[in-house]
There are 2 protein chains.
Amino acid sequence: MARTIAVIGDRWTLLILRECFLRTRRFEGFQSALGITRHLLAERLKKLVRQGILRRVPYQESPKRHEYILTQKGLDLYPIMMAIVHWGDTHMVDERGRPLLHQHRNCGKNFDPVMVCSECGEPVLAKEVHTHPGPGARRPLAQKETEAPAPKPKARRKAA
Amino acid sequence: MARTIAVIGDRWTLLILRECFLRTRRFEGFQSALGITRHLLAERLKKLVRQGILRRVPYQESPKRHEYILTQKGLDLYPIMMAIVHWGDTHMVDERGRPLLHQHRNCGKNFDPVMVCSECGEPVLAKEVHTHPGPGARRPLAQKETEAPAPKPKARRKAA
DNA sequence: GTTTGACAGTTCAAAAATAGAACTGTAAAC
DNA sequence: GTTTACAGTTCTATTTTTGAACTGTCAAAC
């Protein structure tokens, strides 16, 4: 999670990616849709390309111009987008209602995303989930003493 | 989405919330688990309480102490968390593997979150979704000319 | 009965990120 | 020859974030 947030966890990256999903591909398109500063936009696009989330594809020679296209890695962010949008639709809408509706082509209906268990197919609630350290676990999860018993407590406070 | 990102879209908020889901409740707990500066942590906790995502609950008098507990609004962020974790598990793991496994109590198995359509129950792919402006639509979505009828045929460059 | 430690912050200077605005460069259109 | 569209880059000013120390309360330890 920390690694993912290092990539998409800032004020603009997810909004840029939203535009990608809405078929924006070019610098000016992002800039005018979002009002992001050009400097930051250039910065973020570079980062997303470095991360393999966008691909920079030339669409004209002479003044070299490129489009930014979602890779598969980028497309895989879709559930994150939808989860965020859905939470916003549930908790952050004003009187006017949802800004955007999503229609599922396969069934033809406007839908909300539902998170289900890959194993049993049932919707998952936070309370129903138990976590276990996996093979790449990064921290012992409640470690206090690894060292010898309290050697030199350093002086806290100014009083000596 | 913009409104949601204004709340959870920064380098620390989602990590703080992850700790909440892992049952961390107290200031020192967050601080030592994340290594966030105390200043920012205090700042972020205040913001989350203001937003109604956490509730500040006293757990002792005398030196007044509080715990930070997820509200329902906060618990509803779970699908976002899981979507992020799953993307990280798919695209950002190192050789060691996943840091954390999630077990679904209802079926007993370790699972991945799957996003399905609320209407037909099938998994949803980005390509299968069509968007329409909703009642709260904020911008015309591809407006170029609101003024006089397209007087300028746009400059096209030589296709490459 | 003073000292230490746990806890939950606050304060302040320094460093980093972001905003705002103007500037660069290419090439076609007028 | 001037303007326009596009995709950036450069610069300064503001805002955020970091790092580190400081404040304050109370309980237990010495």
Side-chain angles (χ1 to χ4, degrees), chain A residues 5-16 19 24-50 54 56-69 142 144-145 149-160, chain B residues 2 5-16 19 24-50 54 56-69 144-145 147 150-160:
Chain A
I5 286 174
V7 180
I8 61 165
D10 69 279
R11 205 128 44 273
W12 289 109
T13 300
L14 281 168
L15 292 172
I16 292 170
E19 292 306 312
T24 299
R25 295 156 142 72
R26 302 184 183 177
F27 194 92
E28 295 292 319
F30 292 112
Q31 206 281 318
S32 66
L34 298 175
I36 183 177
T37 63
R38 311 175 72 74
H39 179 37
L40 249 214
L41 175 57
E43 211 53 47
R44 288 294 176 266
L45 288 173
K46 260 183 223 155
K47 182 171 173 184
L48 288 169
V49 170
R50 269 205 315 279
L54 297 179
R56 196 155 169 272
V57 181
Y59 71 90
Q60 100 182 2
E61 281 304 312
S62 43
K64 280 207 172 177
R65 293 285 184 265
H66 303 83
E67 297 190 307
Y68 296 90
I69 311 280
K144 280 281 143 126
E145 274 88 60
K152 276 294 169 211
K154 16 234 268 277
R156 288 290 88 216
R157 317 258 153 46
K158 77 188 333 192
Chain B
I5 287 174
V7 179
I8 61 166
D10 69 279
R11 207 123 46 267
W12 288 110
T13 300
L14 281 169
L15 292 172
I16 291 170
E19 292 307 311
T24 299
R25 293 157 143 70
R26 301 185 184 177
F27 194 92
E28 295 292 320
F30 293 110
Q31 207 280 319
S32 66
L34 298 174
I36 183 177
T37 63
R38 311 175 72 74
H39 180 37
L40 248 215
L41 176 57
E43 212 52 47
R44 288 292 177 267
L45 289 173
K46 258 182 224 157
K47 182 172 174 184
L48 288 169
V49 170
R50 269 205 315 278
L54 297 179
R56 194 155 171 274
V57 181
Y59 71 90
Q60 94 180 10
E61 280 304 313
S62 42
K64 278 206 173 177
R65 294 285 184 264
H66 304 83
E67 297 188 308
Y68 296 89
I69 311 280
K144 282 278 143 125
E145 278 86 59
E147 299 303 295
K152 315 270 180 195
K154 323 300 271 286
R156 277 301 88 217
R157 293 202 177 70
K158 75 168 169 190

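Chain letters run A, B, ... following the sequence lines, proteins first and then strands; every chain starts at 1.
Atoms CG (A/L15) and C1' (C/dT18) sit 15 Å apart, rounded to a whole Å. With rounding to whole Å, B/I16 atom CD1 is found 11 Å from D/dT17 atom P. Summarising the geometry, the separation between NE2 on A/H39 and P on C/dC23 is reported as 17 Å, rounded to the nearest angstrom. Nucleotide C/dA15 holds its C1' atom 14 Å from the CZ atom of B/R11, rounded to whole Å. What separates CD of A/E28 from P of D/dA7 is a distance of 6 Å, to the nearest Å.
Using a 4.5 Å heavy-atom threshold, the side chains of A/F27 and A/R65 count as separate. In this structure, B/Y59 and B/R25 have side chains that are not in contact, with every pair of non-hydrogen atoms separated by 4.5 Å or more.
Contacts between residues 57-65 of chain B and DNA chain D, defined by a heavy-atom separation below 4.0 Å, involve B/S62, B/P63, B/R65, listed by number. DNA chain D lies under 4.0 Å from at least one heavy atom of each of the following residues of residues 40-50 of chain B: B/L40, B/R44.
If you check every strand for non-hydrogen atoms under 4.0 Å, B/Y68 touches sugar and phosphate atoms only.
The side chain to side chain donor-acceptor pair (under 3.5 Å) check on B/R56 picks up B/H66, B/Y68, with sequence neighbours excluded.
The base of C/dA8 is not paired with the side chain of B/R26 by any donor and acceptor separated by under 3.5 Å.
When the side-chain nitrogen and oxygen atoms of A/W12 are compared with OP1 and OP2 of C/dA17, none of them lie within a distance under 4.0 Å.
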